[in-house]
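The figures here come from the full heavy-atom set of this structure, side chains too, leaving out hydrogens, waters and symmetry mates.
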Amino acid sequence: MRLDAERIIERFRLFSGEALDGSDPDRDALCRALCGDCARWVEESLREDPGEEPLPGAEALAAAEAFAQLALADQAGSPESVSTPELKLQQGSRARYAAALAQEKRRAAAHLLREEHFYFGEA
């Protein structure tokens, strides 16, 4: 089963606000690579091959994971804050919100994914 790459990229554009219009080819390539990597991860995490039925929850999860990875990459590549005597700029919480979105999409798609965690103990 292959997820629809174009639907993942479209959903990614909605989540991230990225244009992906060719005006910044390097940025576009990074975003598309992240979407492709996350699509493959979701495909490998599916419980079973659903055949040709559409999987909007799995596609949304791939897009949200790609957005979270982009936000982390952006945050890792820039300083946390920049200040002058007159002005202080701080980085926003984009990575935290992107991670929360990805976690919510993971919960929504949980019925499609293999169980990865196991707890053994007393409740």
One should read off an interatomic distance between H111 NE2 and R47 CZ, to the nearest 0.5 angstrom, of 9.0 Å
Minimum-distance pair of heavy atoms, taken over all atoms of D28 and S23
OD2-N, 4.2 Å
Got a second to check how far D74's CG is from Q69's CD, nearest 0.5 Å?
12.0 Å
Which pair of non-hydrogen atoms, one from R32 and one from L20, has the smallest distance, and what is that distance?
NH2-O, 3.8 Å
Of R11, R94, E18, R13, which meets side chain to side chain contact (heavy atoms under 4.5 Å, CB included) against F67?
R94
Here the pair of heavy atoms bringing R40 nearest to D37 is NH2-OD1, 2.6 Å
Can you name the nearest heavy-atom pair linking C31 to F12, along with the distance?
CB-CE2, 3.5 Å
Do you know the tightest heavy-atom contact between A68 and A102?
CB-CB, 4.2 Å
Taking all heavy atoms of A109 and all of G57, pick out the closest pair and write down the distance.
CB-O, 3.9 Å
Reported OG-to-CG distance for the pair S45 and L112, which is rounded to 0.5 angstrom
11.0 Å
Can you tell me how far apart CD (E104) and CZ (R106) are? Round to the nearest 0.5 Å.
10.5 Å
How far does CD1 of I8 sit from CG of L34, to the nearest 0.5 angstrom?
12.5 Å
Say you draw a straight line from SG of C35 to CZ of R7; how long is it, rounded to the nearest 0.5 Å?
14.0 Å
Are W41 and L55 co-members of a hydrophobic cluster defined by side-chain heavy atoms under 4.5 Å apart?
yes
Exam field: side chain E43 to backbone L3, donor-acceptor pair closer than 3.5 Å:
yes
